[in-house]
*Asks:* 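Here it is, the structure, as structure tokens.
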Amino acid sequence: MANIVQAVRGTQDYFPEDMAVRNWLYSQMRSVSESFGYQEYDGPFLERFDLYAAKSGAELVEKQSYVFEDRGGEKIALRPELTPTLARMVASRQRQLTYPLRWWSFGPFWRYEKPQKGRSREFFQWNIDMIGEDSPEADAELAAVAASFLRSVGLQPSEVQVLVNNRQLMQQELEALGIPAAKHKLVFGLVDRRDKLSAAAWNEYGAELGLSQAELGGIQKIISDQQLWKKSPSLVRFFEAVAAHNASDYVRFGPQIIRGLDYYTGTVFEAWDTAGEFRAIFGGGRYNDLVNAVGGDPVPAVGFAVGNVVISLMLKALGRLPQLSAGAPIYVTVFGEEQLAASLTLAAELRSAGLAVASHLAADKLQKQFKQADRLGAKVVLVLGPDELQQKQVTLKDLRSGEQRNLPQTELAAELKRILSAT
RNA sequence: GUGGAUGUAGCUCAAUGGCAGAGCACCGCAUUGUGGAUGCGGUGGUUGCGGGUUCGACUCCCGUCAUCCACCCCA
């Protein structure tokens, strides 16, 4: 045990049961994406480091990127996020594409962070974006996609909420307080910490940023005003559209939501578990300047990203993960040496008929073979002994009901399909 | 990057400087044509790793690695 080479810190091994969960999530993401007409794409896992510089958050670029120099002296990064890649891809074919683009992707990302629960150095993300449409209705469609996804994995509105805010609204409100635009970024950082610091510590931090007591009081008033969204015509339209999507139960206004990445320009949103036990489940927003920033003409865009780690932890904690068995539902035993070939052939014929079948490979005790079938999650076990062979029959045992019967080999494939589809 | 906690069997955990254990899991038998339940028996350990103190270290000290927690940041 102590001699086993350790896995790289912050990475996760996906054993079959873990892979089943990841693939199940992937399939939910795929079906929700496709149900809204989004198309799957992917970018390279390696990008030039420059792509991220000054376009993502400084923390993400300077501290959390895996960066190396390739043999040609090029500074290369393992992608820490997908959005800049998407912007680059759009810019490179800007005139050939039909807008709005509805694109989604699922793949690995790397960030050099200190691993904790729900945060690893290698993780998977679902990214889904709409590009070329600058409207509250576009933002609302993404929120509706998010709500559909939460519903599809079995999370209730009482358990997860998508909190939405608008950066422009917040900037207007700050300016109304007399806080200059140059300070807004720092103030956003302050807003982000409202829930984490005590009132006194928060005030102290605000004072360090050079804010007066009057300004701090004003900021507090803004971020606790649940009706503030009514001042933003854009958010009003947004919530109307969300209601039309039948997604209102999952989506509400959250004046404290700001987000760390620098490229967001308008609507921003994050999903949180209402119990507050986990970190953010996903986050996203509108980024209208990013395509321009990577060298294309300006194109408006909105999207969000969901990591696989937090949502898996949460579904597991809530007991919402479905029963996922990766093994074949049919297990063919080997009665004895003499029947080995016939048993393998039986399995081969069933596979030709379109069934998934695992074969035992030796004439072990049937007890052992049944036990193995049970543990591998098989639903049906087949036995081909001398009696069955003589009568051209097969014994079929349903492991769930415990019922067992003989039937002619010619009827076997059809009967198995009937039994397995019945569940 | 900062601060803190914890590493003992496959898993969950005992052993408070003096023989490394239990439950679950696993293997075998009861049961030579049948899984799950039960009974009995059995396998399994560089106590994360390296060093130090001691007659003697799972236990105390130092270092290191890993995990977890709070910051930071964020999926």
Side-chain angles (χ1 to χ4, degrees), chain A residues 1-12 15 25 29 56-65 79-83 106-128 146 189 192-193 196-197 201 205 257-262 268-273 277-284 303-314 331 333-336 339 360 363-389 394-406:
Chain A
M1 192 55 196
N3 293 330
I4 296 173
V5 175
Q6 281 176 343
V8 172
R9 186 173 194 196
T11 60
Q12 191 193 346
F15 289 91
L25 276 175
M29 291 160 178
S56 306
E59 173 94 10
L60 187 59
V61 177
E62 289 159 21
K63 293 185 178 171
Q64 298 181 349
S65 291
R79 62 180 190 183
E81 58 162 336
L82 190 60
T83 308
F106 181 80
F109 296 87
W110 295 267
R111 290 183 193 173
Y112 193 82
E113 298 200 72
K114 198 156 180 174
Q116 277 179 32
K117 194 169 207 165
R119 187 172 78 180
S120 52
R121 289 183 173 179
E122 180 178 70
F123 58 94
F124 287 75
Q125 261 190 0
W126 174 37
N127 280 262
I128 182 160
D192 217 26
R193 277 170 192 74
K196 292 171 186 167
L197 298 176
Y205 184 56
I257 300 299
I258 288 296
R259 305 213 32 83
L261 295 177
D262 293 341
V268 286
F269 49 89
E270 290 179 355
W272 288 87
D273 72 302
E277 283 173 39
F278 300 91
R279 57 187 66 237
I281 298 164
F282 59 77
F304 67 88
V306 185
N308 68 326
V309 181
V310 176
I311 193 140
S312 298
L313 283 173
M314 189 170 172
Y331 198 82
T333 58
V334 176
F335 187 86
Q339 290 81 26
H360 203 80
D364 293 319
K365 291 173 70 174
L366 279 180
Q367 183 179 212
K368 183 175 175 183
Q369 299 190 47
F370 269 79
K371 198 166 191 171
Q372 256 185 51
D374 187 37
R375 279 192 202 152
L376 291 169
K379 297 184 169 81
V380 174
V381 174
L382 302 180
V383 181
L384 197 58
D387 300 344
E388 289 89 342
L389 273 171
V394 176
T395 294
L396 180 160
K397 179 163 184 176
D398 187 321
L399 285 186
R400 291 161 302 177
S401 64
E403 282 169 25
Q404 175 170 321
R405 64 209 151 98
N406 286 22

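All chains are named by letter (A, B, ...) in the order of the sequence lines, taking the proteins before the strands, and each is independently numbered beginning at 1. In what follows, every heavy atom counts, from backbone to side chain, and hydrogens, waters and symmetry copies are set aside.
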*Asks:* With respect to the side chain of A:Arg9, which nucleotide from B:G36, B:C74, B:U67 is positioned closest?
*Replies:*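 Nearest to the side chain of A:Arg9 among the choices is B:U67.
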
*Asks:* For the C1' atoms, the ones on B:G45 and on B:G33, what distance do you get once it is rounded to whole angstrom?
*Replies:*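 Comparing C1' positions in B:G45 and B:G33 gives a spacing of 40 Å.
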
*Asks:* Quick check for you: among B:A75, B:G35, B:G33, whose closest atom lies nearest to any side-chain atom of A:Leu399?
*Replies:*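 Taking heavy atoms from C-beta onward, the closest nucleotide is B:G35.
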
*Asks:* Whether A:Lys114 contacts B:A66 is assessed here as follows: a side-chain N or O lying under 4.0 Å from the phosphate OP1 or OP2. Is that the case?
*Replies:*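 No, no such contact exists.
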
*Asks:* Which one, B:C73, B:A75, B:C72, comes nearest to the side chain of A:Arg111?
*Replies:*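 From the listed options, B:A75 comes nearest.
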
*Asks:* Nearest nucleotide by nearest heavy atom, which residue falls closer to the 5' end of RNA chain B, A:Lys368 or A:Trp272?
*Replies:*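 First, find each residue's nearest nucleotide; the 5'-ward one identifies A:Lys368.
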
*Asks:* Does a nitrogen or oxygen in the side chain of A:Arg400 sit under 4.0 Å from OP1 or OP2 of B:G36?
*Replies:*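 No, no such contact exists.
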
*Asks:* Out of B:C72, B:U34, B:G36, which nucleotide sits closest to the side chain of A:Asp374?
*Replies:*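 So the nucleotide nearest the side chain must be B:G36.
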
*Asks:* In whole Å, measure the gap between the P atoms of B:G7 and B:C62 for me.
*Replies:*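 B:G7 and B:C62 have their P atoms separated by 16 Å.
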
*Asks:* When the C1' atoms of B:A15 and B:G21 are considered, how many whole Å apart are they?
*Replies:*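 B:A15 and B:G21 have their C1' atoms separated by 7 Å.
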
*Asks:* Does B:A70 pair with anything, Watson-Crick or G-U wobble, both distances under 3.5 Å, and if so, with which nucleotide?
*Replies:*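 Result: B:U2.
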
*Asks:* Tell me the partner of B:G50, counting only Watson-Crick (N1-N3 plus N6-O4 or O6-N4) or G-U wobble (N1-O2 and O6-N3) with both under 3.5 Å; none if nothing fits.
*Replies:*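 B:G50 is paired, partner B:C62.
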
*Asks:* Who is the Watson-Crick or G-U wobble partner of B:C29, with both distances under 3.5 Å?
*Replies:*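 Paired with B:G39.
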
*Asks:* Can you give me the closest heavy-atom contact between A:Ala363 and A:Gln369, atom names plus distance?
*Replies:*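 Looks like C-NE2, 4.2 Å.
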
*Asks:* Once rounded to the nearest 0.5 Å, what's the spacing between atom NZ of A:Lys365 and atom OG1 of A:Thr333?
*Replies:*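 Going from NZ on A:Lys365 over to OG1 on A:Thr333, the span is 15.0 Å.
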
*Asks:* Answer yes or no: does a side-chain N or O of A:Gln367 lie under 4.0 Å from OP1 or OP2 of B:U31?
*Replies:*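 For A:Gln367, the contact criterion (side-chain N or O under 4.0 Å from OP1 or OP2 of B:U31) is not met.
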
*Asks:* Of the listed nucleotides (B:A75, B:G35, B:C73), which one gets closest to any side-chain atom of A:Ser120?
*Replies:*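 In terms of side-chain proximity for A:Ser120, the closest of B:A75, B:G35, B:C73 is B:A75.
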
*Asks:* Check the geometry between A:Phe123 and B:A75 and answer yes if their rings are stacked (centres below 5.5 Å, planes below 30°), otherwise no.
*Replies:*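 Given the distance and angle limits, yes, they stack.
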
*Asks:* Say you pick atom P in B:G18 and the same atom in B:G36; how far apart are they, in whole Å?
*Replies:*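 Between the two P atoms, the distance is 43 Å.
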
*Asks:* Please work out which of the three classes, parallel, tilted or perpendicular, describes the rings of A:His360 and A:Tyr331, given edges at 30° and 60°.
*Replies:*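 A:Tyr331 vs A:His360 ring planes: perpendicular.
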
*Asks:* Taking the side chain of A:Phe335 as its heavy atoms from C-beta onward, which of B:G33, B:C74, B:C73 lies nearest to it?
*Replies:*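 The nucleotide sitting nearest to the side chain is B:G33.
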
*Asks:* Looking at A:Lys397 and B:U34, is any side-chain donor or acceptor paired with a base atom of the opposite kind under 3.5 Å?
*Replies:*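 A donor-acceptor contact between them is present.
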
*Asks:* If each of A:Gln125 and A:Thr11 is mapped to the nucleotide of RNA chain B with the nearest heavy atom, which maps nearer the 5' terminus, i.e. the 5' end?
*Replies:*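 Checking each residue's closest nucleotide, the 5'-ward one belongs to A:Thr11.
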
*Asks:* What's the gap between B:U38 and B:A25 when it is taken at their P atoms, as a whole Å value?
*Replies:*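 After rounding to an integer number of Å, I get 8 Å for this pair.
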
*Asks:* Heavy atoms from C-beta onward define the side chain here; which of B:A66, B:C72, B:G35 lies closest to that of A:Arg119?
*Replies:*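 Nucleotide nearest to A:Arg119's side chain: B:C72.
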
*Asks:* Quote, to the nearest angstrom, the P distance that separates B:U46 from B:G50.
*Replies:*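 My reading of the P atoms in B:U46 and B:G50 gives 12 Å.
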
*Asks:* Can you measure A:Ile128 atom CD1 to B:A75 atom C1' for me and round it to whole angstrom units?
*Replies:*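 That distance rounds to 15 Å.
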
*Asks:* Just verifying a value: how many Å separate A:Ile311 CD1 and A:Phe124 CZ, rounded to the nearest 0.5 Å?
*Replies:*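 Answer rounded to 0.5 Å: 16.0 Å.
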
*Asks:* B:G52 and B:G42: how far apart are their P atoms, nearest whole angstrom?
*Replies:*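 Each nucleotide's P atom is 39 Å from the other's.
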
*Asks:* Under 3.5 Å for both donor-acceptor distances, Watson-Crick or wobble: does B:G44 have a partner, and if so which one?
*Replies:*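 B:G44 is unpaired by these criteria.
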
*Asks:* Just so I know, are the side chains of A:Ile281 and A:Met314 near enough to count as touching, which here means a heavy-atom distance under 4.5 Å?
*Replies:*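 Contact flag for A:Ile281/A:Met314 side chains = yes.
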
*Asks:* With both distances kept under 3.5 Å, what pairs with B:A9, Watson-Crick or G-U wobble?
*Replies:*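 With both distances under 3.5 Å required, B:A9 matches none.
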
*Asks:* Is the phosphate of B:G36 approached by A:Arg375 (side-chain N or O, under 4.0 Å from OP1 or OP2)?
*Replies:*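 For B:G36, neither OP1 nor OP2 has a side-chain N or O of A:Arg375 closer than 4.0 Å.
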
*Asks:* For residues A:Val310 and A:Phe123, determine if any side-chain heavy atom of one lies less than 4.5 Å from a side-chain heavy atom of the other.
*Replies:*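 A side-chain contact under 4.5 Å is absent here.
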
*Asks:* Between B:U31, B:A75, B:G33, which one does the side chain of A:Glu113 approach most closely?
*Replies:*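 Among B:U31, B:A75, B:G33, the one nearest the side chain of A:Glu113 is B:A75.
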
*Asks:* Looking at the base of B:G33, is there any donor atom on it, or on the side chain of A:Gln404, that sits under 3.5 Å from an acceptor on the other one?
*Replies:*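 Such a pair does not exist between side chain and base.
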
*Asks:* Which base, if any, makes a Watson-Crick or G-U wobble pair with B:G18, both distances under 3.5 Å?
*Replies:*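 Result: B:C55.
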
*Asks:* Give me the distance, rounded to whole Å, that separates B:A20 from B:C61 when you measure between the C1' atoms they each carry.
*Replies:*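 My reading of the C1' atoms in B:A20 and B:C61 gives 22 Å.
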
